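Starting from 1, each residue takes its place in the sequence as its number. These numbers were taken from a predicted model, which means no experiment stands behind them.
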Amino acid sequence: MSRLDLTKTYKELYTATSKPALLFVPPGHYLSIEGQGDPNGEHFAACTQALYTGAYGIKMHYKKMELDFVVCKLEGLWWVNDVENYNDFKEVMQIPRDQWHWQLLIRMPDFINKNDVKNILKRAYQKKPIQYFNQVYLQTLAEGQSIQILHTGPYATEPVSLQLLHDFMKAKGLTWNGRHHEIYLSDPRKTAPEKLKTILRQPVK
């Protein structure tokens, strides 16, 4: 039985270079959980665990139906309430982390539907009530025209790459059209900070 690998099916969405580039991001299904606070905190870690537990539970359910797939990389949308201008990325990074909002995502195949996901997660939660597991849900995300860049290095140095995105947007006459999106290609538990690879994406218009 073959396994669907969405990172290969949508290779252009999961590869980037150190130079900004335009691309079109089609609508996709994502397993999701939302929260607020420091990404190094316990709440973020618990939500990440709940999301991955849900993703692998869904994978095993569909595998029994001979619809196996590879669980994709972790992704995240980030925003701060009452901040309209994200052009000064260094200033945004100075905002206390307890004010950061995030939505963690894992891309799911298109054949997965909300009713199945709801029932699968409900049964799993009844067997083992993992913290925040009942907050995981399936949603459709449609970003459309976007720009993205590959950032190599610690998360704290992302403003350097984000500035390149902003300069590219300005040169092309583009403006923000959605939340900041990150795709984590590396596992921070196994990768040295200076070798971390993260795709930084911004929907534009």
Side-chain angles (χ1 to χ4, degrees), residues 3-25 28 30-56 59 69-80 86-108 141 143 146-169 178-204:
R3 291 193 303 169
L4 174 64
D5 188 341
L6 294 175
T7 62
K8 294 180 179 179
T9 303
Y10 300 101
K11 186 177 180 180
E12 69 280 4
L13 303 183
Y14 294 95
T15 55
T17 69
S18 58
K19 294 183 179 180
L22 274 166
L23 76 161
F24 182 83
V25 183
Y30 293 82
L31 203 63
S32 172
I33 190 169
E34 299 179 30
Q36 178 181 350
D38 192 334
N40 293 320
E42 294 181 2
H43 180 54
F44 186 91
C47 286
T48 302
Q49 179 188 16
L51 187 66
Y52 269 110
T53 300
Y56 278 99
K59 167 187 166 65
F69 61 91
V70 177
V71 174
C72 284
K73 302 290 186 181
L74 180 68
E75 307 183 35
L77 303 180
W78 296 84
W79 69 98
V80 178
Y86 288 84
N87 292 340
D88 190 341
F89 301 111
K90 292 182 180 179
E91 181 178 340
V92 172
M93 294 294 284
Q94 296 302 314
I95 295 174
R97 291 188 171 192
D98 61 359
Q99 297 181 27
W100 291 8
H101 293 261
W102 35 264
Q103 181 178 9
L104 301 178
L105 309 162
I106 294 178
R107 181 80 184 254
M108 292 277 113
L141 180 65
E143 293 179 302
S146 302
I147 56 174
Q148 67 183 28
I149 190 172
L150 178 66
H151 174 74
T152 302
Y155 302 130
T157 62
E158 284 185 4
V160 176
S161 297
L162 290 170
Q163 188 62 52
L164 294 177
L165 277 186
H166 172 62
D167 293 343
F168 183 83
M169 288 169 53
R179 292 170 174 167
H180 172 63
H181 189 161
E182 298 188 353
I183 302 171
Y184 306 104
L185 302 180
S186 306
D187 186 340
R189 299 169 300 177
K190 303 175 182 178
T191 309
E194 66 273 12
K195 294 183 179 180
L196 289 172
K197 295 185 181 298
T198 308
I199 293 177
L200 308 179
R201 180 182 296 162
Q202 179 57 53
V204 293

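For the atom pair NZ (Lys19) and CZ (Phe168), the distance works out to 11.5 Å, reported to the nearest 0.5 Å. The CG atom of Leu200 sits 8.0 Å away from atom CG of Leu150, with the distance rounded to the nearest 0.5 Å. The distance from the CD1 atom of Ile199 to the OG atom of Ser161 is 12.0 Å, given to the nearest 0.5 Å. Put simply, CD on Gln36 and CD on Gln99 are 8.0 Å apart, with the number rounded to the nearest 0.5 Å. Note that CG of Leu105 is 4.5 Å distant from CG of Leu77, once rounded to the nearest 0.5 Å. Between Gln148 atom CD and Thr15 atom OG1 the span is 7.0 Å, to the nearest 0.5 Å.
Considering only heavy atoms from C-beta on, Ile106 comes within 4.5 Å of Tyr52 through its side chain. The shortest distance between side-chain heavy atoms of His180 and Leu162 falls below 4.5 Å. Between Leu196 and Pro188, some side-chain heavy-atom pair lies under the 4.5 Å cut-off. The closest side-chain heavy-atom distance from Leu51 to Leu74 is below 4.5 Å.
Closest non-hydrogen pair, Val71 versus Tyr56, comes out as CG2-CE2, 3.6 Å. Met108 and Leu31 get closest at one heavy-atom pair: CG-N, 3.8 Å. Here the shortest heavy-atom pairing between Ile33 and Ala50 reads CD1-CB, 4.4 Å. Nearest heavy-atom pair, Pro203 versus Arg179, reported as atom, atom and distance to 0.1 Å: CD-O, 3.5 Å. Here the shortest heavy-atom pairing between Phe44 and Pro39 reads CD2-O, 3.1 Å. Nearest heavy atom pair, residue Pro20 against residue Leu164, reads CG-O, 3.6 Å.
Taking the centre and axis of the six-membered ring of Tyr14, the NZ or CZ atom of Arg107 falls outside the cone set by 45° and 6.0 Å.
With sequence neighbours left out, His43 forms a ring pair (Phe, Tyr, Trp, His ring centres under 6.0 Å) with Trp102, Tyr132. Applying the ring pair (Phe, Tyr, Trp, His ring centres under 6.0 Å) rule to Tyr30 yields no partners; only residues at least two apart in sequence or on another chain are considered. Residues satisfying the salt bridge (charged side-chain N to carboxylate O under 4.0 Å, His left out) test with Asp98, not counting sequence neighbours, are none.
When atom types are taken as modelled, the side chain of Ser186 and the backbone of Lys197 share a donor-acceptor pair closer than 3.5 angstrom. In terms of modelled atom types and a separation under 3.5 Å, the side chain of Lys59 and the main chain of Phe69 share a donor-acceptor contact.
By the 6.0 Å contact criterion, CD on Glu42 is open, its count of non-hydrogen atoms from other residues, nucleotides or ligands being 12 or less.
Ring centroid separation for the pair His101 and Trp79 comes in under the 6.0 Å cut-off.
A donor-acceptor contact closer than 3.5 angstrom is absent between the side chains of Thr198 and Glu182.
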